[in-house]
Amino acid sequence: MTRITTDLADEYETMFTLTPGKMRAIVEGFKDALELGLEKPHQTVAMIPTYIPGWPTGKETGDFLAVDLGGTNLRVCLVTLLGHGKFDIAQAKYRLSEEQKHDDGQKLFDFCADCLKNFIDQNLEIEEGTEVPLGFTFSYPCAQDRIDQGVLLHWTKGFGAPNTEGRDVAAMFRHSLAKHVRPASPSQLFSADFFAAQGLPVKLAAIVNDTAGTLIASHYVDPRARIAVIFGTGCNAAYMERMADIPKMRSAGMADDAEMAINCEWGAFDSFENRYLPRTKYDLTIDKACNKPGEQIFEKLISGLYLGEIFRIVLCELKDDGLLFENQDPDKLQVPYAFETAFLSLMESDQTDELLMSIGIFSHFFSLQTTLAERRFFRTLARLICRRAARLGACGIAAIVSKMGYLDEECVVVVDGSLYNLCTGFSDHLHEGLEDIFGDKGRNIKTYHAQDGSGVGSAIIAAMTTQQKNSPAGHARVYPPRQS
Ligand code: BGC
């Protein structure tokens with residue numbers, strides 16, 4: 001016997017639906033928050049100047065390394081910029097364990113340096129006496145007053161490594177890089193130089209947020225790109241701002257007509273004010289139980305880290321109320337974060353009459369049998385949670401578009417992250433949201449998937465900063481990745 005009724009689905013529909021009116025109110029609040037962040041330091045939406053000196057020309061060339069520390073993986077990339085908006089990339093991915101996210105911060109950077117060394121040893125030969133410029137994509141809020149320095153304001157996305165918040169992560173990473181001994185060349189083997197060459201043959205040239213990297217990489221390939229958004233484990237946006245419109249940087253002495261990429265750190269929107277975002281009791285539960293309660297409230301309603309968890313908590317409550325999984329033990333479902341956000345997308349896109357995908361997910365991962373009515377409810381709920389996330393994301397995009405006056409022209413927003421790339425329907429919900437906010441003009445906003453943006457972007461930024469200061473070509477001769 002099933003207890004799931006249409007009324008129940010309607011109840012959740014009301015709870016998770018954002019009306020166009022509500023969305024427009026959020027956009028207004030969001031615009032104010034963006035302006036405030038540009039005006040003064042230490043605001044809820046931090047609007048961090050990245051010190052990326054304007055757009056790339058597309059003519060940057062040479063070999064660059066990038067280390068990309070995201071929410072789930074660590075990537076090391078060799079990016080060869082070919083000019084004319086073209087590049088080649090060779091990369092390796094390393095999985096981060098939950099322990100590493102909470103172990104001492106220096107150990108995390110040691111791991112990054114070890115992976116980089118491993119990548120160099122296995123794939124590259126770097127000409128003796130040279131250093132390859134390295135971009136470090138570090139996707140957490142960092143205050144910068146130079147491109148090659150960044151003080152971690154606070155961890156997000158479930159990270160909590162001690163001894164890192166409030167410290168310059170570039171300096172920490174350099175410390176880890178210096179621990180390695182460079183591979184000795186044959187001529188060094190029996191000479192005093194053998195022990196002299198400390199550290200990897202790289203020069204950490206730039207610390208880059210993934211959004212800023214995506215913005216720059218996308219613009220390198222297609223100069224129409226104006227705004228970059230990540231909908232992945234975390235959620236955030238970057239765009240290019242006029243110096244004249246960043247009042248908090250007036251004393252930096254830069255020309256008013258110069259431009260600077262801004263890392264919005266919009267995941268924190270409304271965290272302290274609590275004025276705009278409608279939160280359900282499930283959102284409150286997640287916030288209370290996480291390692292950073294009260295922080296990143298916007299992100300907690302949107303990003304991939306949390307959507308599966310919202311779904312899981314609803315199901316646990318319905319089981320406790322005796323409405324689901326009759327006479328079954330849901331112990332596996334009771335484990336926090338056991339329900340992956342990827343499952344929501346699989347359930348939402350299931351076209352089979354019996355909803356076979358849900359049967360598989362629940363029996364295989366949670367040892368639970370489900371009725372067809374339950375599975376239909378799950379599909380509705382998955383859709384509602386993803387739709388709300390996409391519509392909130394649309395509010396953030398709309399705020400930047402409208403603040404910058406981009407609505408009357410075609411505005412290209414580049415997007416990366418697992419939610420946008422893998423969740424069926426996410427992009428449709430996003431565009432439907434933009435039309436609900438702006439009417440027909442919402443169609444002027446085009447979103448495109450930005451491929452490999454975060455790694456390639458930090459390589460391009462390393463190129464922009466090093467080639468600006470020095471000679472036009474890359475500094476180091478890197479012999480291409482070895483064939484395995
Ligand atoms: C971080 C941002 C990052 C975003 C996407 C958020 O949790 O605060 O810096 O850009 O995740 O990775």
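Numbering of ligands and ligand atoms starts at 1, following listing order. All values derive from a computational prediction rather than experimental measurement.
Heavy-atom separations between Gly71 and ligand 1 are all 4.0 Å or longer. At least one heavy atom of Pro141 sits closer than 4.0 Å to an atom of ligand 1.
Note: Thr211 OG1 to Trp266 CH2 = 9.5 Å, rounded to the nearest 0.5 Å. Residue Ile385 holds its CD1 atom at 4.5 Å from CZ of Phe16, rounded to the nearest 0.5 Å. Of the inter-residue distances, the one linking Leu419 atom CG with Ser427 atom OG reads 12.0 Å to the nearest 0.5 angstrom.
A centroid separation of less than 6.0 Å is found between the aromatic rings of Phe365 and Phe343. Side-chain rings of Phe30 and Phe298 approach one another, their centers coming within less than 6.0 Å.
Taking every heavy atom of Glu265 and a limit of under 4.0 angstrom, the matching atoms of ligand 1 come to 1 (C), 2 (C), 8 (O), 9 (O). Near Tyr140, with a cut-off below 4.0 Å to any heavy atom, the atoms of ligand 1 are 9 (O). Atoms of ligand 1 found under 4.0 Å from any heavy atom of Thr156 (numbered from 1 in listed order, with element): 1 (C), 6 (C), 7 (O), 8 (O).
The nearest protein atom to atom 4 (C) of ligand 1, hydrogens excluded, is given as Asn236 CB, 3.6 Å; this is a heavy-atom distance. Atom 6 (C) of ligand 1 has Glu299 OE1, 3.0 Å as its closest protein atom, hydrogens excluded (heavy atom only). With respect to atom 5 (C) of ligand 1, the closest heavy atom belonging to the protein is Asp210 OD2, 3.3 Å.
Using a 4.0 Å cut-off between heavy atoms, Cys235 contacts ligand 1 through its backbone alone, with no side-chain atom that close. Counting heavy atoms closer than 4.0 Å to ligand 1, residue Asn209 contributes side-chain atoms (C-beta onward) but none from N, CA, C or O.
With sequence neighbours left out, Thr72 forms a side-chain hydrogen bond (donor to acceptor under 3.5 Å, both in side chains) with Thr233. Legend: residues meeting salt bridge (Lys or Arg N to Asp or Glu O under 4.0 Å) with Lys59, ordered by chain and number and at least two apart, are absent.
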Please lay out, stage by stage, how Thr214 and Asp416 fare under the test side-chain hydrogen bond (donor to acceptor under 3.5 Å, both in side chains).
CA-CA 8 Å; Thr214 301; Asp416 205 355; 4.9 Å; no
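Checked by distance only, ligand 1 and Lys157 come closer than 3.5 Å through their nitrogen or oxygen atoms. Ligand 1 has no N or O atom lying under 3.5 Å from any N or O atom of Asn263, backbone or side chain.
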